[in-house]
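Could you have a look at this structure, given as structure tokens, before my questions?
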Amino acid sequence: MLTDYHLHLRPDDVEATAAEHFTLANVERYRAVASERGISELGVSEHIYRFRQALDVWGHPFWREYAHDDLDDYCEFVREETDLRLGIEADFVPGAEDRLANLLERHDFDYVVGSIHFLSDRALDMEPYGIWDGTQSAEEIWQRYFQMLGEAARSGMFDILAHPDLVKVWGPARPDRPRPEGDLRRYYEPAIEAIAESQIAIEVSTAGLRKLARELYPAQAFLEMCLDAGAPIALSSDAHRPEDVGADYHQALELLQRVGYEELCVFEHRTRRLEPIAASGAGSTGMSEAGAADMESEASPR
Ligand SMILES: [Zn+2]
Ligand SMILES: [Zn+2]
């Protein structure tokens with residue numbers, strides 16, 4: 001079986017409305033690409049900050065700008081009109097754990113994808129509110145990032161840890177946003193310790209291939225440490241448009257095979273089970289086409 005659990009039904013532009021994108025016709029477009037690529041299990045995980053209710057959790061100006069939609073309407077649409085698993089991508093905001101937990105508990109999600117896009121109020125992966133202004137070293141940012149990833153894992157609020165080494169997003173094209181020198185496992189360690197304790201599922205995401213990083217999330221060394229820690233895997237593309245559903249899965253499947261993962265997590269009402277990864281080359285058709293087609297801008301999907 002193949003899954004794609006980290007899907008957004010719309011691009012990240014603030015103008016991309018729910019009314020336009022939360023439609024059966026749009027879901028059909030995602031389904032069509034998924035079936036071409038041999039992916040049967042799909043779930044959506046819209047950004048929590050696009051819903052008004054999220055402002056009870058955090059009042060960052062970026063969230064205030066984006067929080068237009070109603071979370072109950074989204075859940076109702078996905079549950080009642082589609083055959084998609086119902087997920088959500090929720091940012092881990094230290095200090096707001098109780099408020100986020102309350103919000104999540106009020107909805108019947110199949111899974112919650114936990115993300116870190118901000119360290120304090122500074123963004124890792126976009127320009128506005130960006131953290132890479134030279135006031136903190138790359139070493140400091142990497143250390144803080146993986147520490148916080150561990151806290152997110154330990155919080156118990158999330159089923160899947162999204163794009164685990166997102167901090168590398170800018171890649172070598174931005175030497176002003178470098179990755180630290182040498183063996184990066186020293187940064188991963190605090191996160192891996194928390195992953196081992198919590199047994200949270202780790203997302204293997206092809207989104208990094210479409211960013212300046214040009215790499216899968218996470219790096220092979222990180223994934224090897226996850227395997228040693230006994231953590232299972234969730235496979236996703238983080239697509240924000242139909243053509244990216246299952247994008248570049250052949251690369252993700254090669255990585256999983258190299259590291260020694262043979263099963264994927266499947267989620268229902270926040271319980272998970274493991275299924276063998278499809279043995280055939282399923283998921284490889286049409287990949288290069290989608291991968292090569294217009295690379296998204298670095299400020300795009302998150
Ligand atoms: Zn996402
Ligand atoms: Zn994200």
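Numbering of ligands and ligand atoms starts at 1, following listing order. When a residue number appears, it is its place in the shown sequence, counting from 1.
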Set of side-chain contact (heavy atoms from CB on, under 4.5 Å) partners for Glu151, sequence neighbours left out:
Phe92, Pro94, Gln147

Any N/O/S atom, backbone or side chain, of His47 lying under 2.8 Å from the Zn ion (ligand 1)?
no

Do any N/O/S atoms of His240 come under 2.8 Å of the Zn ion (ligand 1)?
no

For Glu105, check side-chain contact (heavy atoms from CB on, under 4.5 Å) against everything at least two apart and list the hits.
Ala101, Asn102

Is there a path from Leu274 to Ile200 through hydrophobic residues (I, L, V, M, F, W, Y) whose side chains come within less than 4.5 Å of each other?
no

How wide is the angle at the Zn ion (ligand 1) between NE2 of His6 and NE2 of His8, to the nearest 10°?
100°

Metal proximity, His117 vs the Zn ion (ligand 2), N/O/S cut-off 2.8 Å
yes

Do NZ/NE/NH1/NH2 and the carboxylate oxygens of Arg10 and Glu20 come within less than 4.0 Å?
no

Would you name the N/O/S atom of His163 that lies closest to the Zn ion (ligand 2)?
NE2

Closest non-hydrogen atom pair, Ile116 against Leu166:
O-CD2, 3.1 Å

Glu139 atom CD, neighbour heavy-atom count above 12 within 6.0 Å:
yes

Could you identify the N, O or S atom of Asp238 positioned closest to the Zn ion (ligand 1)?
OD1

Of all the N, O or S atoms in Glu89, which has the shortest distance to the Zn ion (ligand 1)?
OE1

